[in-house]
Amino acid sequence: MKITEKYVPNLILSILLVFSLIGTAAAMIAKYYIISEDTFMENVDENNIAELTYNEIEKYFNGSEAYSGIPADVYMSAITKEDIATIINIKISENLSLITNFDKVPMEPISYENLERSISDYFDKFAHENNVEINDDYNNQLKKTIDTAISEVDEFCDVYMLDFMYKKNIIDKAADIYIYIDPIMYIFMGLSVLCIILICGISRKKIRNAFYWISMSLICSSALMLLPTLYVKFSGLAERFIIRNETIYTAITSLISKVLNTMCVTELVMLAVGAVLVILCAVTSKKDEE
Amino acid sequence: MKNKIKSIAAAVAATALLGTMSMSVSATTVDDVVAAARGAGFLEEYVQTLQNFLNTSHYTSSQYDTMIGMLSSAGDDMDEIAMQYFGKTVAQMKGEAQDEADKTGKPVDDSFLVDIVDQMKDEDVINIVNKIIETGKDLGLDITAEKKGDKNYIITVKDKDGNIQLVTPVGKLIDRTGYAENVSGTDEVNGAMAVSVAVTAAGCAGALALMLKLRKNEE
Amino acid sequence: MSKKNVKLMIATPFVMLAVCGGIIVGTGAVPVQKISKALEVVFSADSSHGKISEIKYTEKEVESQLDDGNKIVYPSFGLQYATLKIDSIDLEAPVIFGSSEELLQQGVCQYIGSVVIGEKGNVVLDAHCNTFFLNLGDVKAGDEIVLTTSYGEFKYKMTESKLFKETDNSLISPTKDDRLTLYTCYGNLLGPTEDRLAVICELVEKKFYN
């Protein structure tokens, strides 16, 4: 068999292997890292986002005292940093489960019992001290105050703007794509294995040729992924995020940075494996010549 | 000879000066930008906000031209939608609202603008917002947003030194911003396709060349 | 592969990169174009300006002339450029051009979509109901309101007060007549309110320091 008769099939299989490796890596990173509660929650812990959120909420209620007449302490005595962390994690969990569960799970309401009780107690105390009549207006205003407070705390805890994305149907669109991630991953994995087997089969008499072709595929696939990843990482794209609420900006920019770092590491590992195979190919080629 | 050179130089200088003067006579001003905003159909309060901002900002005539270009372009986009759904331009709808206000003595009813925005696809809103942001960048401005509750945003405009130039709330208008729903062929996509075809073709040609070289080596 | 083919071995990955890169760019062009406009908006800010907590103003004034020849001084956003005085409620407060959470702590703020004091139209000022505009509701028809700037003094007389919802822009919109609109939150109990109280005043005297 002439070399050219092996070159073309090896080249075609290597090109197929490049796409298979890219598909496999991308699907695995998306499934196990990007759409993963752990990634989001770890990022919250690493960047003290719960504490930042608590401070923002405190600042908001301090400011709202000017027009609501309700001291900030009424709200803040009913909320702890642990509560905030819990609410943030529940939001992450619920929104991501909408993507990962094939059956869409309806969102369960978070309990704000302590906050409701604190506001009600303050209203009762105010009414008692100022002889305010407990009527429909009073009850409506109490309900409005509680609803507004809950809504504001809820908004502040949406640090990744996942609720916002849900309302804009972005979560639904992601869920529609996510359904295919498992089949895509397994198909590409299978294709990768098949290509490797076929390359090895064609080069069974000189296995170093198989090393060469597989290493070329690894190097090309990692280069094609690494270049855009490095560009996005070092161009400072994440820091140009337009929303400048401290918690949202910190949460989203740090998450993007974390994901990009993981992608870089994965791609560098692929590149390293490719490099090792090239070295093996060169070493075995030299041995054969000797 | 010396006198001839002097007279030629004087003539050249006079022509240049005349040219500059005629340029300054027709130079674009703040009033032109404000008129363009009004003509594009923007609400009077936004026109006033723009005027207040420009009153203390020093831009060149060509920068004012850039602003007018953006306002006209955004106005054209809004006009297209207004014509499609209401059969009138934005300026015509604004004029009708103004006439009604003059007749009744009530303030101008700006719901016509909300009606137009409600008809806009997310892609249309993103296009207009993008134009505003790009124009802002050309003028050395940085535009950021702060989320306040569910549907309200506070837009902050800073200059290149980070000094706040403007803070303005944006409410319902921002509600329509989101993912693009439709994609039609554009010059950018066609350009990328052309590049990809060229690169792939070059790659395949390279592979063919390598194969031929291999065959030659074997012979 | 023999030594003769070393050059081919080196050229092969570049060929592969060209083919694969070309195919990826071709297939990715349409989806990338679809989301690129949205991404351009979402990641359009200047990274060097950090977070919203950085607050600084230019503090600039620009002299100009009105159509009637009177001198006016335009303030930049965040600048205190006038003083508001309402004797009937014992109020004297700084007026700041522009409005934000931070500026509302410092004084009475001017709505940025309203005309500068001295220009023709509706000057709109607002402040918190438990600080500077605590007693705004006590201003009665006929009470005098004075706005003093570096370029003139402007006297208004209260004509009427109105309650309106926070979603109603009609009272803060530009007008053809010269007026002053003061507004603040309005509520008869604790908690947030959607209601606003507007005090509308007509211009009775303007004195420019030309």
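The figures that follow rest on heavy atoms only: side chains count, while hydrogens, waters and symmetry mates do not. Every chain is numbered from 1 and lettered A, B, ... according to where its sequence line falls, protein lines coming before strand lines.
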Checking an interface table here. Which of residues 90-102 of chain B come within a heavy-atom distance under 4.5 Å of chain C? Q98(B), D102(B)
Counting only heavy atoms closer than 4.5 Å, note whether F97(C) contacts chain B via side chain, backbone, both or neither. side chain
Could you tell me whether D177(C) atom CG has more than 12 heavy atoms of other residues or ligands within 6.0 Å of it? yes
So, taking the atom named CG in L103(C) and the one named CD1 in I164(B), what distance separates them when rounded to the nearest 0.5 Å? 8.0 Å
Once you round to the nearest 0.5 Å, how far does OG1 of T175(C) lie from CD of E44(B)? 11.0 Å
Taken to the nearest 0.5 Å, the spacing of Y74(C) OH from Q51(B) CD works out to 6.0 Å
What's the shortest heavy-atom distance between D161(B) and K56(C), and which atoms? O-NZ, 2.8 Å
Has the side chain of N52(B) got a donor or acceptor atom that lies under 3.5 Å from a matching backbone atom of S114(C)? yes
Heavy-atom pair count under 4.5 Å with chain B, highest-scoring of E59(C), E119(C), E101(C): E101(C)
To the nearest 0.5 Å, what is the distance between NZ on K160(B) and CG on D46(C)? 11.5 Å
Could you give the distance from OG (S173(C)) to CD (Q48(B)), rounded to the nearest 0.5 Å? 11.5 Å
Note: I112(C) and V167(B) closest approach over all heavy atoms is CG2-O, 4.2 Å
For T49(B) against G113(C), the heavy-atom pair lying closest together: OG1-CA, 3.2 Å
For a quick check under 3.5 Å, do Y57(C) and Q165(B) share a side-chain donor-acceptor pair by atom type? no
Please check if the number of heavy atoms outside K131(B) that lie under 6.0 Å from its NZ is greater than 12. yes
Heavy atoms of T144(B) and A45(C) approach each other most closely as CG2-CB, 3.6 Å
Turns out that what part of P75(C) lies under 4.5 Å from chain B's heavy atoms comes down to backbone
If you draw a 6.0 Å radius around NZ in K137(B), do more than 12 non-hydrogen atoms from other residues or ligands fall strictly inside? yes
Nearest 0.5 Å, please: how far is CD1 in I132(B) from OG in S44(C)? 11.0 Å
Can N55(B) and V62(C) be said to form a side chain to side chain contact (heavy atoms under 4.5 Å, CB included), step by step? CA-CA 7 Å; N55(B) 282 340; V62(C) 173; over 6 Å; no
Below 4.5 Å from any heavy atom of chain B, which atoms of S170(C) appear? Answer side chain, backbone, both or neither. both
What are the two closest heavy atoms between K60(C) and S57(B), and how far apart are they? NZ-CA, 4.2 Å
Contact class of L166(B) relative to chain C, heavy atoms under 4.5 angstrom: both
Can you see which heavy atom on V129(B) is nearest to which on V41(C), and at what distance? CG1-CG1, 3.8 Å
